[in-house]
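Report on the structure given below.
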Amino acid sequence: MAAANQLTALLNNMYATGLLDEQFQQLQMLQDASSPDFVSEVITLFCEDGDRIISELAKLLEKPSVDFDRVDAYVHQLKGSSASVGAQKVKNTCIQFREFCQSRSRDGCLKTLDSVRTEFYDLRGKFQTMLQLQRQLHGFYPK
């Protein structure tokens with residue numbers, strides 16, 4: 001069972017590096033026989049929403065006059081979804097991002113957007129690997 005060992009090692013690494021926190025374990029505990037794809041569906045939605053939010057943030061911060069309240073609302077949304085899936089590094093970076101929004105610092109927001117983008121895409125790549133390994137383990141292959 002190479003896939004099982006790879007999955008365990010991947011998850012252990014994600015916890016050890018602070019990408020995930022205990023909230024992800026709580027999420028996994030909600031999955032059962034009646035909803036075998038629960039975690040996969042939640043992660044997929046998180047990744048899709050995160051992509052969309054990061055794209056919107058980039059557009060908002062490019063404008064000559066930044067609407068910091070709208071930026072903050074998007075960052076708040078990303079922070080909430082990150083917290084719900086246990087995406088600790090993304091959540092913590094969003095907390096910093098919100099501080100820059102509240103102080104109306106475009107430079108701070110742009111730098112933090114880069115950090116959020118890096119943390120999010122690192123996590124998304126690992127989530128995709130995790131889902132692929134789970135499909136191998138359970139005999140589900142994408143069409």
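Remember, it's a predicted structure, so these values are computed and weren't measured experimentally. Any value given below was found using the heavy atoms of this structure, including those in side chains, with hydrogens, waters and symmetry copies removed.
Contact annotation: the side chain of C109 approaches that of F68 to within less than 4.5 Å [non-hydrogen atoms, C-beta and beyond]. Proximity of M14 to F24: side-chain heavy atoms (C-beta onward) are nowhere separated by under 4.5 Å. F100 places none of its side-chain heavy atoms less than 4.5 Å from the side chain of D107. Under the 4.5 Å side-chain criterion, counting only non-hydrogen atoms from C-beta, Q23 is not in contact with V85. With contacts defined as side-chain heavy-atom distances shorter than 4.5 Å, the pair K126/M130 does not qualify.
No hydrogens or angles considered: a donor-acceptor pair under 3.5 Å links the side chains of S34 and D32.
Side chain of S82 to main chain of L78: a donor-acceptor pair is present (N/O by atom type, distance under 3.5 Å, no hydrogens or angles). A side-chain donor-acceptor contact under 3.5 Å links K89 to the backbone of T17.
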May I have the list of side-chain donor-acceptor pairs in residues 49-66 shorter than 3.5 Å, sequence neighbours left out?
unit_1: D51; atom_1: OD1; unit_2: Y121; atom_2: OH; d: 2.9
unit_1: D51; atom_1: OD1; unit_2: R124; atom_2: NH1; d: 3.0
unit_1: D51; atom_1: OD2; unit_2: R124; atom_2: NH1; d: 2.7

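Closest of all the heavy-atom pairs between R98 and V75 is CG-CG1, 3.4 Å.
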> Going through the checks in order, is the salt bridge (charged side-chain N to carboxylate O under 4.0 Å, His left out) test met by D114 and R117?
Replying inline: CA-CA 5 Å; D114 284 341; R117 190 182 280 128; 3.1 Å; yes

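Under a hydrophobic-cluster definition in which Ile, Leu, Val, Met, Phe, Trp and Tyr are linked whenever side-chain heavy atoms come within less than 4.5 Å, directly or via other members, L45 and V116 are assigned to different clusters. Residues M29 and L7 do not share a hydrophobic cluster, defined by chaining ILVMFWY side chains whose heavy atoms lie under 4.5 Å apart.
A ring-centre distance under 6.0 Å is not found for F97 and Y74.
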